[in-house]
Amino acid sequence: MKAAVFKHKGGDMEIVDIPIPEPKQGWVRIKVHSCGVCHSDNACKFGNLGNSYPRVPGHEVLGEIEKLGEGVDPSYYKIGQIVGIGWYGGNHCGKCRECLNNQWIFCKESLVCGIHYDGGYAEYMVTPSDSLAFVPNGMSAEETAPLLCAGITVFNSFRNQNIKVGSLVGVQGLGGLGHLAIQFCKKMGYEVIAMSSSSSKEQLARELGAAHYIDMSNDGWVNQMKEIGSVQCILLTAPSSKIIQSSLESLGINGKLVLLAILPEPFNTTSRSLLRGNKSIVGWTSGDSRDAQDTLEFANKNQIKAMIKTFPLEKVNEAFVKIADARFRHVIKIL
Ligand SMILES: [Zn+2]
Ligand SMILES: [Zn+2]
């Protein structure tokens, strides 16, 4: 089969011919249809989570079950079933404190797809069966793939913040995560403020469902936010450490700042900014396969779609290198 691999730390991907992998006990083989390109593929490229090389990246995988390993229940996992695999790559133990608390993603046995084992930039891959979410009928392979990381990240982080339906919610950044976050928050029943670093994306933000638009390059943007109302939550999808303090100030009483991306530098704030108004800053790691299932079903029922550009596997480096100017997600079309 053809696959794109990082052969060594820090290099580009190379297209190689390698044997089709066999699923071991509890694993399944997937015939890959498409795989979304994610900024976090850099973790594979640079070995941030200790992966070995060569390694096939790709953790927004959509494909069909093609072969079951020993011990996988054929009445539940059916050949031909369309499935998705995200950052959570399965293999949770089911016995540890994290598993018993339903936090599979934090189980020490859990694996990351495309990091700890070969991912979706290939014609076939193998994965633990508990990594799979079932894709509802009729969802497009290419438009759905980005929901498996970008989609879960925004939907699952936000639904766990317990924000009252109808509240004002900010979505900072209008890229791969942000354009999905606006759609999800709107369809979940919130009044969305799109927050961007320029005025250029206003029309798009409103088409996606934003009721308000804040151009953060204006000095008075914090006051503009306060004039709209009491903002209960801001999803920071593309933050820099410089905007943390002002974002905090723009929140209403009990407001939450949710960090969805890694900041290159530490940020500064003051205890007073948090204490005055019971505010908080929280982080959130995507979710597991059950969260992926919920994300897919919600997106399907509410017609939420990623805006994408597709590339063939041979052009995977181009898709990856140009991810910063992607409008909005790049997807490798394999089948
Ligand atoms: Zn990702
Ligand atoms: Zn566990």
Side-chain angles (χ1 to χ4, degrees), residues 4 6 13 26 32 34-49 51 55-62 84-121 125 127-131 133 142-157 173 175-181 184 235-239 259-263 283-292 295-296 299 306-308 311 316 319-324 326 328-332:
F6 285 118
M13 282 175 265
V32 180
S34 64
C35 185
V37 180
C38 181
H39 189 74
S40 303
D41 294 335
N42 272 310
C44 179
K45 175 172 178 165
F46 295 109
N48 300 349
L49 299 171
N51 57 276
R55 176 63 76 229
V56 180
H59 59 269
E60 292 185 347
V61 192
L62 195 136
I85 307 137
W87 180 259
Y88 172 75
N91 203 49
H92 77 289
C93 77
K95 300 175 204 136
C96 70
R97 184 193 301 256
E98 285 71 24
C99 284
L100 295 176
N101 272 331
N102 253 326
Q103 303 277 332
W104 293 0
I105 200 157
F106 296 119
C107 172
K108 292 200 170 48
E109 302 295 318
S110 288
L111 303 173
V112 179
C113 176
I115 300 275
H116 298 128
Y117 59 88
D118 285 343
Y121 293 173
M125 64 172 283
T127 183
S129 59
D130 65 322
S131 74
E142 293 89 38
E143 286 171 334
T144 303
L147 298 178
L148 290 155
C149 179
I152 296 166
T153 297
V154 296
F155 176 71
N156 194 46
S157 64
L177 293 178
H179 89 288
L180 288 168
F184 274 109
L235 297 176
L236 296 170
T237 75
L259 264 178
L260 296 180
I262 289 174
L263 295 166
W284 198 271
T285 297
S286 61
D288 63 37
S289 46
R290 298 163 302 174
D291 303 309
T295 305
L296 293 174
M307 295 169 75
I308 56 155
F311 293 76
V316 67
F320 185 54
V321 169
K322 290 187 177 165
I323 193 167
F328 288 88
R329 292 298 275 192
H330 287 169
V331 174
I332 308 299

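Each residue takes its place number in the sequence, starting with 1. The shown structure was predicted, so the numbers you read here are calculated from the model rather than taken from an experiment. For ligands, and for the atoms within them, numbers begin at 1 and follow the listed sequence.
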Between [X] (side chain only) and [Y] (backbone N and O only), is there a donor and an acceptor less than 3.5 Å apart?
X      : Y      : value
Arg55  : Ile115 : yes
Asp288 : Ile105 : no
Asp118 : Val56  : yes

Below 4.5 Å, heavy atoms only, C-beta onward: do [X] and [Y] meet side chain to side chain?
X      : Y      : answer
Cys99  : Glu109 : no
Ser286 : Tyr88  : no
His59  : Val112 : no

Distance in Å, Leu180 CG paired with Ile152 CD1, rounded so as to fall on 0.5 Å steps
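Here the interatomic distance stands at 11.0 Å.
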Tell me, which protein N/O/S atoms are under 2.8 Å away from the Zn ion (ligand 1)?
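Listed by chain and number, the atoms are Cys38 SG, His59 NE2, Cys149 SG.
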Protein N/O/S atoms closer than 2.8 Å to the Zn ion (ligand 2):
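As for protein N, O or S atoms lying under 2.8 Å from the Zn ion (ligand 2), they are Cys93 SG, Cys96 SG, Cys99 SG, Cys107 SG.
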Among Glu60, Glu142, Met307, find the one that has a side chain to side chain contact (heavy atoms under 4.5 Å, CB included) with Arg329.
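Filter result, single survivor: Glu60.
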Might you point out which heavy atoms bring Gly58 and Asp41 nearest each other, and give the distance in Å?
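Taking every non-hydrogen atom into account, N-OD1, 3.8 Å.
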